[in-house]
> 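I have a structure here, written as structure tokens, and I will follow up with some questions on it.
We name chains A, B, ... by the order of the sequence lines, and we start the count at 1 in each one.
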Amino acid sequence: MHDRLLPWYAAHRRDLPWRAPERSPWGVLVSEVMLQQTPVARVLPVWERWMSRWPTPSALAAAPTGDAVREWGRLGYPRRALRLHAAATAVRDAHDGQVPADEAVLRTLPGVGDYTAAAVSAFAFGRRATVVDTNVRRVQARSVSGLALPAPALTRAETALAARLLPEDDEQTATWSVAVMELGALVCTARAPRCSACPLADVCAWRAAGSPAPTGPPRRGQRWTGTDRQCRGTLLQVLRDSAGPVPAHRLQAAWPVPGVPDEQGQAARQRERCLDALVAEGLVEPLPGARFRLPGT
DNA sequence: AATCCGTGGCT
DNA sequence: TAGCCAAGGAT
């Protein structure tokens, strides 16, 4: 596989700023956190502004958390902004301001799980690490295991397979991992894979089996309308888009939104519950006089 | 282990 | 059009 995929990657790789030679480990960490469950196209402009404003972990750590939440914009999952700020603070206070290279140390940072720790160690420092994301899982499931899609949750076997597929040469492992991910992102996609453009097509176990349809239970979709997630997003958007403190009545006016049913005032209770949770999580700061704002802004 | 946590483009 | 899903993490 290596002699097929590595040349393909060299020819087709996207020139993303966090892959540029001059990017810092901090830039790589920021990109990996932003890319969690979020498409590249939406991350690009936010990453550029973020790195321009906060070129180092210490720079971010010196800013109010609310500034990070606002700069996060509409990337989604705004707790990631909070965790990235916390990670920057930990880097400043416990690691002399330098993003650590060791996977196990990275793993201790807020918002950094198994995937992100391996990715930063590999992509920012060139270390040997087993990087397993949804792209890697899908490419392996198809090309090696002959399955249309990977299992719902990451298995030990998948991690073991990813480790076994890494090139022996330590110098090549990071490039290999990003190449597998790039293939999953551009060719071996979840919905409509472009097998005719795939460098692995003639060795792919899934194709050899006749490209069978997915087996197992269909993924249950995430509801959205009327959920706490929609409510939280709506409340936070009001605060993001406001320069100063927001009176409670403006939040009350924002929820429920048109299209969301409000039986017996349940939407009002939901709004208060979500607002309380946002405050408890540190995404919103309550002020005297029934006003609210992004923390420290 | 299952669920929660945003957002918006794509088919 | 309404799901589907995108470089996961925390609990």
> How close or far is atom C1' of C:dA6 from atom CD of A:Glu182, stated in whole angstroms?
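Distance, rounded to whole Å: 14 Å.
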> Considering only atom P, compute the distance from C:dA7 to B:dT11 and round it to an integer number of Å.
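To the nearest whole Å, 15 Å.
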> Short of 4.0 Å, heavy atom to strand atom, which residues of residues 24-54 of chain A count as contacting DNA chain B?
A:Gln37, A:Thr38, A:Arg42
> Is it true that, when you exclude A:Arg14 itself, more than 12 heavy atoms of the residues, nucleotides or ligands shown sit nearer than 6.0 Å to its CZ?
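Result for CZ/A:Arg14: enclosed.
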> Assign A:Arg223 to base, sugar-phosphate, or nothing according to its heavy-atom contacts below 4.0 angstrom with the strands shown.
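Here A:Arg223 touches no strand at all.
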> Mind checking the CZ-CD spacing from A:Arg128 to A:Gln172? Nearest 0.5 Å is all I need.
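Here the rounded value is 10.5 Å.
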> If you count the non-hydrogen atoms of other residues, nucleotides and ligands that lie under 6.0 Å from CZ in A:Arg49, is the total more than 12?
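Open: at most 12 neighbouring heavy atoms sit under 6.0 Å from CZ of A:Arg49.
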> Please classify the nucleic acid contact of A:Trp72 as base, sugar-phosphate, or nothing, using heavy-atom distances under 4.0 Å.
nothing
> What's the separation between atom CG in A:Asp169 and atom OG1 in A:Thr175, rounded to the nearest 0.5 Å?
9.5 Å
> Atom CD of A:Gln222 and atom P of B:dA2: how far apart are they, to the nearest Å?
16 Å
> If you look at every heavy atom in A:Arg142 and A:Ala190, which pair is closest and at what distance?
NH2-O, 3.3 Å
> What's the CG-P distance between A:Leu154 and C:dA7, to the nearest Å?
15 Å
> If you measure from OG on A:Ser242 to CD on A:Gln237, what distance do you get to the nearest 0.5 Å?
10.0 Å
> Does the side chain of A:Arg13 come within less than 4.5 Å of A:Asp15's, by heavy atoms?
yes
> Got a sec? Which of residues 78-91 of chain A come in under 4.0 Å of DNA chain B, heavy atoms?
A:Pro78, A:Arg79
> Could you give the OH-to-P distance, from A:Tyr77 to B:dT3, as a whole number of Å?
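So the two atoms are 15 Å apart, to the nearest Å.
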> Sticking with atom P, work out how far C:dT11 lies from B:dG6, rounded to a whole angstrom.
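Pairwise P distance, C:dT11 against B:dG6, rounds to 14 Å.
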> Would you classify A:Gly76 as touching base, sugar-phosphate or nothing, given that sugar-phosphate means primed atoms plus P, OP1 and OP2, and contacts are heavy atoms under 4.0 Å?
base
> If only atom types and distance count, is the side chain of A:Arg137 paired as donor or acceptor with the main-chain N or O of A:Ala153 below 3.5 Å?
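At least one qualifying donor-acceptor pair exists.
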> Does atom CG of A:Asp96 have more than 12 heavy-atom neighbours from other groups under 6.0 Å away?
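No - once you tally the heavy atoms of other residues, nucleotides and ligands closer than 6.0 Å, there are 12 at most.
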> Just one of A:Thr89, A:Val91, A:Val33 clears the side chain to side chain contact (heavy atoms under 4.5 Å, CB included) bar with A:Leu109, so which one?
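Among A:Thr89, A:Val91, A:Val33, the one that satisfies the side chain to side chain contact (heavy atoms under 4.5 Å, CB included) with A:Leu109 is A:Val91.
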> Does a side-chain heavy-atom distance below 4.5 Å link A:Ser145 with A:Trp206?
no
> Taking CG from A:Leu283 and P from C:dA10, how many angstroms apart are they, rounded to a whole number?
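My rounded result for the distance is 15 Å.
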> Please state whether the phosphate of C:dA7, meaning OP1 or OP2, lies under 4.0 angstrom from any side-chain nitrogen or oxygen of A:Thr116.
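Answer is no, no contact under 4.0 Å.
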> Using a strict heavy-atom distance below 4.0 Å, which residues from residues 122-134 of chain A are in contact with DNA chain C?
A:Asp133, A:Thr134
> Do the two ring centres, one from A:Trp72 and one from A:Trp50, sit under 6.0 Å apart?
yes
> Taking only heavy atoms on the protein side, list every residue of residues 224-242 of chain A lying under 4.0 Å from any atom of DNA chain B, sorted numerically.
A:Trp224, A:Asp228, A:Arg229, A:Arg232, A:Gly233, A:Arg240
> For A:Glu158 and C:dG8, give me the distance from atom CD to atom P, rounded to whole Å.
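About 13 Å, once rounded to whole Å.
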> From CG of A:Leu183 over to P of C:dA7, roughly how many Å is that when rounded to an integer?
12 Å
> For residues 197-205 of chain A, which side-chain donor-acceptor pairs fall under 3.5 Å, sequence neighbours excluded?
unit_1, atom_1, unit_2, atom_2, d
A:Asp202, OD1, A:Arg4, NH1, 2.8
A:Asp202, OD2, A:Arg4, NH1, 3.4

> Could you list by number each residue of residues 184-198 of chain A showing a heavy-atom separation from DNA chain B of less than 4.0 Å, or answer none if no residue does?
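Within this stretch, A:Arg191 sit under 4.0 Å of the strand.
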> Could you state the interatomic distance from CG (A:Asp114) to OG1 (A:Thr159), rounded to the nearest 0.5 Å?
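One finds 8.0 Å between CG of A:Asp114 and OG1 of A:Thr159.
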> What is the distance, rounded to the nearest whole Å, between atom CG of A:Leu109 and atom C1' of C:dG8?
15 Å
> When the C1' atoms of C:dT1 and B:dG8 are considered, how many whole Å apart are they?
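Approximately 15 Å lies between the C1' atom of C:dT1 and that of B:dG8.
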